[in-house]
Amino acid sequence: EVKSVESGGGLVQTGGSLRLSCATSGFSLVDYAVAWFRQAPGGEREGISCISSTDGSTVYSDSVKGRFTISSDNAKTTVYLQMNSLRPEDTAVYYCAANTLRRLCTPRFLRYEYDYWGQGTQVTVSS
């Protein structure tokens, strides 16, 4: 089965940190760029970070740039999202997904390009 499984979410205070993991199954990070998205209650699903399979280059949305870092393991099966300096507005369900049309990330985060979504992991930042 081809899928992604997110973990690492939780409740944290403003200014705190969390590290999310996206474990992939049935595909390799060598094949697809992988991105993190998030969706706050009542909001649209927003692309926030992506790591390319070609050269490991990364892309961040303005909302997380300088605070979040995306990376992958050497086995190319897991993608991480290190989140620092968390704010209440970062509260959301976080999802990872593979870009099945591109290996190089773009800042557009077009939903139709992404597949193999996970079930999401909840991140709650208290003020």
Side-chain angles (χ1 to χ4, degrees):
E1 182 181 5
V2 182
K3 64 180 182 179
S4 304
V5 179
E6 303 93 340
S7 62
L11 174 64
V12 64
Q13 292 185 330
T14 297
S17 298
L18 282 173
R19 188 193 197 202
L20 305 184
S21 297
C22 170
T24 65
S25 176
F27 69 95
S28 168
L29 304 182
V30 173
D31 300 319
Y32 304 122
V34 172
W36 284 95
F37 289 75
R38 67 185 182 186
Q39 188 165 14
E44 297 285 325
R45 192 166 295 190
E46 170 195 19
I48 58 172
S49 186
C50 180
I51 185 164
S52 300
S53 63
T54 50
D55 57 1
S57 59
T58 57
V59 171
Y60 298 93
S61 66
D62 289 343
S63 60
V64 305
K65 194 175 297 181
R67 300 187 298 123
F68 291 10
T69 303
I70 191 170
S71 63
S72 64
D73 66 341
N74 290 334
K76 302 296 184 183
T77 60
T78 303
V79 175
Y80 304 100
L81 187 68
Q82 177 66 43
M83 306 188 297
N84 298 328
S85 302
L86 284 163
R87 307 165 179 167
E89 54 264 39
D90 294 318
T91 295
V93 179
Y94 284 69
Y95 302 89
C96 62
N99 190 322
T100 56
L101 299 183
R102 299 178 187 273
R103 298 179 64 208
L104 185 65
C105 295
T106 74
R108 299 177 68 189
F109 295 102
L110 299 174
R111 285 283 304 276
Y112 71 85
E113 294 185 344
Y114 288 87
D115 202 347
Y116 311 143
W117 295 87
Q119 81 291 345
T121 186
Q122 175 71 47
V123 172
T124 303
V125 185
S126 63
S127 57

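Quick caveat: nothing in here was measured; it's all calculated off a predicted structure.
- With rounding to the nearest 0.5 Å, the separation of CZ in Phe68 from CG in Asn84 is 8.5 Å.
- Here the shortest heavy-atom pairing between Ala33 and Ser52 reads CB-CA, 4.1 Å.
- Cys22 places none of its side-chain heavy atoms less than 4.5 Å from the side chain of Tyr94.
- Here the side chain of Thr91 pairs a donor or acceptor atom with the backbone of Val125 at under 3.5 angstrom.
- In summary, Asp62 and Lys65 engage in a salt bridge, as defined by a charged side-chain N under 4.0 Å from a carboxylate O.
- For the ring-ring contact (aromatic ring centres under 6.0 Å, His included) condition, the pairs that include at least one residue of residues 3-29, sequence neighbours left out, are Phe27-Tyr32, Phe27-Tyr116.
- Among all heavy-atom pairs drawn from Gln122 and Val93, the shortest one is OE1-CG2, 3.2 Å.
- Under a hydrophobic-cluster definition in which Ile, Leu, Val, Met, Phe, Trp and Tyr are linked whenever side-chain heavy atoms come within less than 4.5 Å, directly or via other members, Phe37 and Val79 are assigned to different clusters.
- Cluster annotation: Trp36 is not connected to Tyr95 through the hydrophobic network of ILVMFWY side chains, with a link wherever side-chain heavy atoms come within less than 4.5 Å.
- Within the 4.5 Å cutoff, the side chain of Ser21 has no heavy atoms near those of the Glu6 side chain.
- Here the straight-line distance linking atom CZ of Arg111 with atom CG of Asn99 works out to 12.5 Å at 0.5 Å rounding.
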Derivation of the side-chain contact (heavy atoms from CB on, under 4.5 Å) call for Gln82 and Ser17: CA-CA 7 Å; Gln82 177 66 43; Ser17 298; 3.9 Å; yes
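- For the atom pair OG (Ser85) and CZ (Arg67), the distance works out to 7.0 Å, reported to the nearest 0.5 Å.
- Remark: Arg38 engages Asp90 in a salt bridge, criterion side-chain N to carboxylate O under 4.0 Å.
- The minimum heavy-atom distance linking Gln39 with Gly43 is given by the pair NE2-O, 3.1 Å.
- Under the rule for a salt bridge (Lys or Arg N to Asp or Glu O under 4.0 Å), Lys3 has no partner lying at least two apart in sequence or in another chain.
- Looking only at side-chain heavy atoms (C-beta outward), Pro88 and Thr14 come within less than 4.5 Å of each other.
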Apply side-chain contact (heavy atoms from CB on, under 4.5 Å) to Leu104 and Ser57, showing your working. CA-CA 8 Å; Leu104 185 65; Ser57 59; 3.6 Å; yes
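- Taking the side chain as every heavy atom from C-beta outward, Arg45 and Phe109 never approach each other to under 4.5 Å.
- Neither Trp117 nor Val34 shares a network with the other; the hydrophobic side chains, linked directly or stepwise wherever heavy atoms of I, L, V, M, F, W or Y lie under 4.5 Å apart, form separate groups for each.
- The shortest side-chain heavy-atom distance between Leu20 and Tyr80 does not fall under the 4.5 Å cut-off.
- Not counting sequence neighbours, the partners of Asp73 by the side-chain hydrogen bond (donor to acceptor under 3.5 Å, both in side chains) test are Thr77.
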side-chain contact (heavy atoms from CB on, under 4.5 Å), that's the test. Do Asp31 and Arg103 meet it? Break it down for me. CA-CA 7 Å; Asp31 300 319; Arg103 298 179 64 208; 6.0 Å; no
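- Under the 4.5 Å side-chain criterion, counting only non-hydrogen atoms from C-beta, Leu110 is not in contact with Leu101.
- With rounding to the nearest 0.5 angstrom, the CZ atom of Arg102 is 12.0 Å from the OG atom of Ser53.
- Rounded to the nearest 0.5 Å, atoms CD (Gln13) and OG (Ser127) are 9.5 Å apart.
- Taking the side chain as every heavy atom from C-beta outward, Leu81 and Ser49 approach each other to under 4.5 Å.
- In terms of heavy-atom proximity, Leu29 sits nearest to Thr78 at CD1-O, 3.6 Å.
- Val64 is not connected to Val59 by any chain of hydrophobic side-chain contacts under 4.5 Å among Ile, Leu, Val, Met, Phe, Trp and Tyr, and they are in different clusters.
- Distance check: Leu18 CG to Thr124 OG1 gives 9.5 Å after rounding to the nearest 0.5 Å.
- Residues Ser63 and Glu46 have side chains in contact (heavy-atom distance under 4.5 Å, counting atoms from C-beta outward).
- Listed for the Thr121 side chain is a donor-acceptor partner under 3.5 Å among the backbone atoms of Gly9.
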